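What you see is a predicted model; the values in this text were computed from it and never measured. One is the number of the first residue; the rest follow in order along the sequence.
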Amino acid sequence: MAHSKNRATDGKITYPPGVKEISDKISKEEMVRRLKMVVKTFMDMDQDSEEEKELYLNLALHLASDFFLKHPDKDVRLLVACCLADIFRIYAPEAPYTSPDKLKDIFMFITRQLKGLEDTKSAQFNRYFYLLENIAWVKSYNICFELEDSNEIFTQLYRTLFQVINNGHNQKVHMHMVDLMSSIVCEGDSVSQELLDTVLNLNKQAYDLAKALLKRTAQAIEPYITNFFNQVLMLGKTSVSDLSEHVFDLILELYNIDSHLLLSVLPQLEFKLKSNDNDERLQVVKLLAKMFGAKDSELASQNKPLWQCYLGRFNDIHVPVRLECVKFASHCLMNHPDLAKDLTEYLKVRSHDPEEAIRHDVIVSIVTASKKDLSLVNDHLPGCLYWRVRKEAMMGLAQIYKKYALQAEAGKEAAKQISWIKDKLLHIYYQNSIDDRLLVERIFAQYLVPHNLETTERMKCLYYLYATLDGNAVKALNEMWKCQNMLRHNVKDLLDLIKQPKSDSYNKAVFSKVMVITRNLPDPGKTQDFVKKLAQVLEEDEKIRKQLETLVSPSCSCKQAEVCVVSTVSLHLAGKSTCSYRHRIHQSHSFISFFSALIKQVNKSIEGTADDEDEGVPTEQAIRAGLELLKVLSFTHPVSFHSAETFESLLGCLKMEDEKVAEAALQIFKNTGNKLEESFPHIKSVLLPVLQHKAKKGSPRQAKYAIHCIHAMFSNRDTHFAQIFEPLHKSLDTDNMEQLITPLTTLGHLAMLAPEQFAAPLKSLVANFIVKDLLMNDRIPGKKTTKLWVPDDEVSPETLAKIQGLKLMVRWLLGVKNNQSKSGNSTLRMLTAILSSDGDLTEQGKIGKPDMSRLRLAAGCAILRLSQEPCYHEIIALEQYQLCALVINDECYQVRQAFAQKLHKGLCRLRLPLEYLAVFTLCAKDPVKERRAHARQCLVKNINLRREYLKQHAAVSEKLISLLPEYVVPYAIHLLVHDPDYVKVQDIEQLKDIKEALWFVLEILMAKNENNSHAFIRKMVENIKQTKDGQCPDDPKINEKLYTVCDVAMNIVISKSTTYSLESPKDPVLPARYFTQPDKNFSNTKNYLPPEMKSFFTPGKPKAANVLGAVNKPLSATGKLQTKLSRMETISNASSNSNPSSPGRSKGRLVSQTHIHFSMKSPSETEKPSRGRKRGAAANQDDKVQESKPKRGQKKAANTSTDDAEDQWGEDSSMAEASMETEDEQNSPPKRGRRGRPPKSAASKDETPSKGRRGRRKTAPPADEENEEEQEEEEDDEDDAGSENIEVKPKGRRGRKPRLVADTASDSVESTPQKRRGRPPKSQTAARKASGGRSRAAASQEEESEEEMNTAQQSEEEEDEPMDSSPKVRRKVGRRDRR
């Protein structure tokens, strides 16, 4: 090299052979020609040609002169650049250029020439490619590492390459560029921020090049990327780069390129997720959502701490952050099924988010994921979604159901997995909102039973849908058809009105009917105008009127309905209400033309040719469900059944062994056979003998329906009735009780339907056989058991016969409908005697406790039925009414339940007088929260129903005292005055109970101050205080009780209302039977309450309650419930709330303090106690009382069978037992007879309570009861069926008297404790003290009423051990009654 340098210093330039001197004196073309020859020479040279290297050294130096580097011609520059590239190759590893400045100029020159790569169609592109290839292969730019300005050179090179890369370049160009740039990164000492920005700030065309570069240099460049993000994310130095504003986008792109580039960056994101800056958290969440949700991303498994931190953002305080998390969920669920468990748990929480947008997106996420793969979503998750954003959730669930259940896209297993959806969707029909109901109807027609299916397939779909619905969904579907049918009838009534001559009454009637119709449509306020317009159009346009008449005709087909709706309604109405109106009318005709196909489907199941098993439905269940479906449709579309084929199929059903099928067939005949006698005589001749046989030998239900069929279908019914009555009447025999039940049922319905035809024999039958022979004799001793209730199949035939005997008496009276023969008085005395004697009318002690419960229930329900008939209501004495009312506090849970249901039904029909609504106030004393909750819902519904009725019927003002809900207050006051528990007038504890009972009803009445009702109630209470008790006007103690209870009511009104002092809208009218006329010379201004009571009236506004709150939500956890009595504050939540048999809740009435409000707002609201229901007494003072006084009426430790229960009660049990006698003496009323007759053995003790005492017992679903009137049959049948096979499992202490201690000790834990009906005083005799106070059995059950459907109630009181009843109903024994 020394020799070479010497040659260079000589300054003589040697050119290749044939090449003359290259200088500025030659033309451009000549220069290009000569340079090409030079290029060719250098191309052919290699590094081993030492002589040539020395020879052309000066030429190499000459080519690097400014003359060439700055030459204006691009071809010259290109050729020079190619020569320089070869020179670096030939002279490597040491370049012939030693000046740093010269090297910089050369490489900047070469970089500029690389721009020529951009035009791939250029003639010189191959030379540009040669240049790139040469410098990339030789890694010529690595010489620049030693230069101070190397960063500038590299940055310019990178920028140039990223600018020129385009889609026209082939893979070789791309590869050489990556090789050139990667060598700089991998072999250099550092990567400057400027160079890094150049790599990261790319255009779309350069993306692939940068991606390849980053992948190639990932390990080398990662520290510099980490440092950049550390500067921006952790130190906040946004000025280090212009890319700082796009830092999160960069992270995503780099992660998509190569996750190893961000190994040290991801922990910084975990820190940023916890930032206090909402926007920053949102950006990080958006970034991580994309990173976690990417299809092939393994970030969640590789970085679990970051995943868990991200999941925590589902609960972020910032709404957009939560919303972003939820939006990401469906994408992640579909791409990463392994993350489904984590995501669904957080989605479940967000389904209750207070923000509707978030709840909506939860639905979208779940539905989207479920549509792709049902297994992605937990089974339980969709069930918790639809309450908060019902419309979107319902539509989503319906789509899922149609896809997997109807279309079976994922097989039978998937269809089975989502089979619950149909039930949940139909349950929404229980909501009050008309929009919800319309949505259910729309979903039913579009998704559950799609209207676009072929007729046979559609009916098959409906058939198996109905067969697989749960009980509540079936009721909802039936109600849906009922409402659609009612709407059709309302429109028909409107059409009939329009045909009448116009008058004032006409306008009022039309307006009233328009109001009724608008209530069946969304937004009644706006819809009213549209329906009014329709009414006007109908008056003017006869053509449209006729079309609408066709539409509401029972024989209208679906096609006709659609045509009529489109041609009439759509032309004259607009808006949402039009669509809803058209939809509801059309839906009411959806099945009229399909009955034939439906009946054929039922026949296939009967014949065994249907594919029932393939549909997952047992054949017997399918047949029964099909008949039930036809039965329901027979109510709404009876005309559609008028065909010989249909009636012949029903005849075949009557011959089947399944009793339920025959019963359904009989009901269908009754509903549809009014023209059978004249239109189908051949069917009549076959049917009549079958009906007569069923009436004589069938089951009780079949006998009942057979009688009603004959009554509804045949003109000469008297003859047919006589043919049935005479043989049955003569064959009655008490020796075979099992054979007596059906004849009594048949005779009872004959007595109701034809009382005059059989007047004489019926009177003799009742007096001689029913009363004297059947009811007054106990032939077969009952089983000795402590259970209060047993399944229906365990009830003795004698008891069932007696129940039917009682029903026969009542049905006979209901048929006669007069009391001229005083039979009503005699029957009432008989019924009250049964109640007074605990159900043991003969008092011989032969009847078992479960049978006594059944008889008490039958007697109580019988009085309710008679009370619905005005002629018998008038003769019911107040004492009889009060005794009947106490059945709602019966010791047997099932009795309480069934009685409350019967009471509620009678009140909802407006058949029972208003005073019976006051009976629900006694439910405040019920120890089981479900019973209190149900009673409250009954009160709410009845009060709202009456208010709505009064709004719609303004002309009934003369009946205001029997309809206005506020008038229940006098009845409630009077009932509480005569409550056997209220003994000591000034006793604080008893007054607290009175206050709780009054507040139980006043809270609902005062929730809305309509027409200044608060002042009206106050005025009413004031007026009562100026009267005397109508039942015992001369009894000073009773009157003092009356005034004291009035003061309690007054204090409640004052403490809960701010408008009570206003003028009453009207002067209240008090019931004359209950209160005397006020004495004008008497002004009662005295305050009868003890001073200690003032602290218990806490101010606060009453809470409004939703009628269906209990349906929509399960009972809230009781852990947050607060009680009123400070004496109960010493009791733990677990003992006082979760276990109804807890000593801490020994007074059942106190449990009403934990009264539960239901709402559809949020889960937290269901846990709030009622306003104004917190006790105001000082805790310390009452704690002393608690220490010195155990709860009233608790049983002593003498009962050895209470060990398990005591363990369950915990520390409260031992605390209560420590001072039982003291409590009994201090808290019990003075000497007073207990409610209900004592056991017969008590007569031998030193106390002999008087007879006729009233008893309280607790409810159960009725056994297979049959109702007395035809219009109530179906509903009562449902109730009866719901009560079948309910066996009570005990929890708690047992024993009624000392003599029972040995018995209860030997009983198994599965037996039910017998409870005294009534609350005995604590200070009667030593024998009673020895026996202890009240004992209870824990009671809990899931509510089943006709108005409320069951949701899975989260009750801590549920029995651990399943019962032998139906799986839907789990019962526990009602706990011991309060005394």
Side-chain angles (χ1 to χ4, degrees), residues 104 107-108 110-112 114-115 117-118 132 135-136 139 141-142 144-145 147-166 174 176-266 268-269 272 280 283-284 286-287 290-291:
K104 177 182 178 182
F107 281 104
M108 295 295 284
I110 294 174
T111 300
R112 289 193 294 272
L114 290 174
K115 292 182 179 179
L117 290 166
E118 186 173 9
L132 172 64
I135 61 177
K139 300 181 181 178
Y141 276 79
N142 289 10
C144 301
F145 286 144
L147 301 180
E148 293 182 359
D149 297 329
S150 61
N151 180 61
E152 182 182 350
I153 298 171
F154 297 149
T155 302
Q156 187 59 42
L157 173 66
Y158 274 51
R159 288 174 179 170
T160 300
L161 295 178
F162 285 133
Q163 288 172 2
V164 301
I165 188 70
N166 58 61
H174 190 275
H176 290 316
M177 287 183 177
V178 173
D179 291 342
L180 177 58
M181 291 188 290
S182 62
S183 65
I184 296 173
V185 173
C186 295
E187 299 180 23
D189 295 333
S190 64
V191 177
S192 67
Q193 183 61 48
E194 187 178 5
L195 182 61
L196 187 61
D197 287 352
T198 304
V199 176
L200 300 180
N201 191 11
L202 306 176
N203 57 41
K204 293 182 179 180
Q205 292 182 343
Y207 178 82
D208 290 336
L209 179 62
K211 179 178 179 180
L213 173 62
L214 289 170
K215 280 181 172 291
R216 178 84 63 86
T217 62
Q219 187 174 357
I221 204 172
E222 188 267 338
Y224 307 102
I225 293 177
T226 300
N227 180 65
F228 164 66
F229 286 120
N230 185 60
Q231 295 284 325
V232 177
L233 294 176
M234 306 302 293
L235 303 180
K237 296 181 179 180
T238 57
S239 61
V240 298
S241 171
D242 294 338
L243 297 176
S244 300
E245 297 179 358
H246 309 286
V247 61
F248 296 113
D249 294 331
L250 280 175
I251 291 176
L252 178 61
E253 293 299 335
L254 290 174
Y255 181 79
N256 292 334
I257 292 172
D258 191 341
S259 61
H260 294 90
L261 294 170
L262 301 174
L263 290 177
S264 301
V265 177
L266 295 180
Q268 300 175 20
L269 295 180
K272 282 296 180 181
E280 191 172 48
Q283 285 182 301
V284 179
K286 288 182 178 180
L287 166 65
K290 297 173 182 177
M291 293 170 66

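- Side-chain atoms of T155 never come within 3.5 Å of backbone atoms of E152 as a donor-acceptor pair (strictly under, hydrogens ignored).
- Counting non-hydrogen atoms of other residues, nucleotides and ligands closer than 6.0 Å to NE2 of H260 gives a total of 12 or fewer.
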Given M177 and L117, is the side-chain contact (heavy atoms from CB on, under 4.5 Å) satisfied, shown in steps? CA-CA 11 Å; M177 287 183 177; L117 290 166; 4.0 Å; yes
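- D149 meets the salt bridge (Lys or Arg N to Asp or Glu O under 4.0 Å) test with K104; sequence neighbours excluded.
- E118 is linked by a salt bridge (Lys or Arg N to Asp or Glu O under 4.0 Å) to nothing, counting only residues two or more places apart in sequence or in another chain.
- Evaluation of the side chain to side chain contact (heavy atoms under 4.5 Å, CB included) rule for T217 yields S182, V185, C186, L213, I221 as partners, not counting sequence neighbours.
- Between L254 and V265, the closest side-chain pair of non-hydrogen atoms is not below 4.5 Å.
- No side-chain heavy atom of D208 sits less than 4.5 Å from a side-chain heavy atom of I165.
- Across all their heavy atoms, L195 and F154 have their closest contact at CD1-O, 4.0 Å.
- The stretch residues 214-226 participates, sequence neighbours left out, in these salt bridge (charged side-chain N to carboxylate O under 4.0 Å, His left out) pairs: D179-R216.
- A donor-acceptor pair under 3.5 Å is formed between the side chain of N256 and the backbone N or O of L252.
- When side chains are defined from C-beta on, I225 does not count as touching L250, because their heavy atoms never get closer than 4.5 Å.
- Of all heavy-atom pairs spanning A136 and H176, the tightest one is CB-O, 3.4 Å.
- Applying the salt bridge (Lys or Arg N to Asp or Glu O under 4.0 Å) criterion to K290, with sequence neighbours excluded, gives no partner residue.
- Residues satisfying the ring-ring contact (aromatic ring centres under 6.0 Å, His included) test with Y141, not counting sequence neighbours, are F107.
- Counting heavy-atom neighbours within 6.0 Å of E187 CD, excluding the residue itself, gives a total above 12.
- For the pair Q283 and L287, the minimum side-chain heavy-atom distance is 4.5 Å or more.
- With hydrogens and angles ignored, the 3.5 Å screen pairs a side-chain donor or acceptor of N166 with a backbone N or O of V164.
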